[in-house]
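So the structure is just underneath, and the comments pick up after that.
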Amino acid sequence: GLYTIVMLTTETGMRSVEVINLDAFGDNQDIFYDKGVIQTRYGKGYNSSGPQTRVMDLTDRAAVTLKQYERWVRPQFLNHLIDPALFLTLTGQRLSYSTLRDSFKRLVEAARKHGVNLPPKLTIHDLRASFATNYLEANPEQFWELMELLGHVSPSSTRLYIRSRGKNRWLSMKEARGARPGKTGF
């Protein structure tokens, strides 16, 4: 399950809380392979400003990984036929954020132990920043689309997710953003 969560986070930029609240089936199913989209209903504003459903593309890589997870891994968990949660614990409960965070920390420690060079203090949330940086590097004219994909209402929030990669960094964020259609200023 952790591999699937890492893949999904790096492919979509979803928040951890959004990923762990995905449903595999039922009235609130969130993955639509036939339409090539995934939705999230538990964004940052869920507890304050109400549900903020976001729909995003389900990349081929994420779709293949999710299908394999749903076919081979998820059925190994208790309650997989009655609990719609996509990600379950060994006891058949929806995966919690603390369990996800601790599992990711153990994964990072194991990778380092085997010689994988990873950034210091790497967290599951850093994968969201990696998505944002990769997206904007591949689509430098689409800052506003990235903002929507991340579920941000403020450009300054999105800017915090963009990581510098040395000489390949844009000349400035203002140039990367470009003008927002129909808007003036920032």
Pairwise side-chain contact, Leu136 with Thr158, heavy-atom cut-off 4.5 Å (strictly under): no
Tell me whether Arg94 contacts the main-chain N or O of Leu22 through its side chain, where contact means a donor paired with an acceptor under 3.5 Å. yes
Shortest non-hydrogen contact between Leu100 and Ser16, atoms and distance: CD2-CB, 3.9 Å
Any side-chain heavy atom of Leu66 within less than 4.5 Å of one from Thr4? yes
Sidechain-backbone polar pair: His80 side chain, Gln76 backbone, donor-acceptor under 3.5 Å: no
Applying a strict under-4.5 Å side-chain criterion to I, L, V, M, F, W and Y, I'd like to know whether Leu118 and Ile124 cluster together. yes
Is the backbone N or O of Met147 less than 3.5 Å from a side-chain atom of His152, with the two atoms forming a donor-acceptor pair by type? no
Could you check whether atom CZ of Phe32 has more than 12 heavy atoms from other residues, nucleotides or ligands sitting under 6.0 Å from it? yes
Say you draw a straight line from CD of Glu109 to CZ of Arg106; how long is it, rounded to the nearest 0.5 Å? 8.5 Å
Give a yes-or-no answer on whether the side chains of Glu70 and Tyr33 include a donor-acceptor pair shorter than 3.5 Å. yes
Return yes if some donor-acceptor pair links the side-chain N/O of Arg101 with the main-chain N/O of Ser96 below 3.5 Å, else return no. no
Tell me, yes or no, whether the heavy-atom count around Arg61 atom CZ, taken from other residues, nucleotides or ligands under 6.0 Å, exceeds 12. no
Check for me, please, whether Val116 and Leu122 land in the same ILVMFWY cluster - side-chain distances under 4.5 Å, paths through other members count. yes
Report the C-alpha separation of Phe77 and Phe87 in whole Å, then their side-chain angles, then the decisive distance to 0.1 Å, and conclude whether the ring pair (Phe, Tyr, Trp, His ring centres under 6.0 Å) test is met. CA-CA 9 Å; Phe77 292 96; Phe87 298 105; 9.1 Å; no
Cluster question for you: counting only ILVMFWY and a side-chain heavy-atom cut-off of under 4.5 Å, with indirect links fine, are Phe25 and Val19 together? no
Linking I/L/V/M/F/W/Y whenever any side-chain heavy atoms sit under 4.5 Å apart, do Leu81 and Leu78 land together? no
Could you report the tightest heavy-atom contact between Ala24 and Arg74, atom names first, then the distance? CB-NE, 3.9 Å
Taking Asp83 for the side chain and Asn79 for the main chain, is one N or O donor matched with an acceptor at less than 3.5 Å? no
Walk me through it: do Gln142 and Tyr135 pass the test side-chain hydrogen bond (donor to acceptor under 3.5 Å, both in side chains)? CA-CA 9 Å; Gln142 296 182 6; Tyr135 182 89; 2.8 Å; yes
Yes or no on salt bridge (Lys or Arg N to Asp or Glu O under 4.0 Å) for Lys121 and Asp126, after CA distance, side-chain angles and deciding distance? CA-CA 9 Å; Lys121 299 181 183 179; Asp126 292 322; over 6 Å; no
Closest non-hydrogen atom pair between Thr9 and Phe131, with its separation: O-CB, 4.1 Å
Provide the closest heavy-atom pair for Val55 versus Gln39 in the form atom of the first, atom of the second, distance. CG2-CB, 4.1 Å
Does the side chain of Leu2 reach to within under 4.5 Å of the side chain of Leu107, using non-hydrogen atoms? yes
Drop me the distance from Leu149's CG to Arg128's CZ, to the nearest 0.5 angstrom. 10.0 Å
Let me confirm one number: the CG-CG distance from Asn139 to Leu146, rounded to the nearest 0.5 Å. 9.0 Å
Between Tyr69 and Pro75 the two heavy atoms that sit nearest each other are O-CD, 4.1 Å
Do you know which two heavy atoms are closest between Glu11 and Ala62, and how far apart they sit? CB-CB, 4.0 Å
Could you check whether any side-chain N or O of Glu18 sits under 3.5 Å from a backbone N or O of Arg15, counting only pairs where one atom can act as donor and the other as acceptor? yes
How long is the gap from CG on Leu86 to CD on Gln29, to the nearest 0.5 Å? 10.0 Å
Other residues, nucleotides, ligands: >12 heavy atoms within 6.0 Å of Asp27 CG: no
Apply the test side chain to side chain contact (heavy atoms under 4.5 Å, CB included) to residues Val37 and Met56: give CA-CA distance (whole Å), side-chain angles for both, the deciding distance (0.1 Å), then the verdict. CA-CA 6 Å; Val37 297; Met56 58 208 80; over 6 Å; no
Keeping Thr10 on the side-chain end and Met7 on the backbone end, is there a donor-acceptor pair under 3.5 Å? yes
When you group the ILVMFWY residues by side-chain heavy-atom contacts below 4.5 Å and let the links chain together, are Leu90 and Ile20 in the same group? yes
Do Arg54 and Asp30 meet the salt-bridge criterion of a basic N to acidic O distance under 4.0 Å? no
Value for OG (Ser157) from CG (Leu150), rounded to nearest 0.5 Å, stands at 9.5 Å
How long is the straight-line distance from CE of Met14 back to CG of Leu127, given to the nearest 0.5 Å? 13.0 Å
Of Tyr97, Phe104, Tyr161, the residue whose pairing with His125 passes ring pair (Phe, Tyr, Trp, His ring centres under 6.0 Å): Tyr161
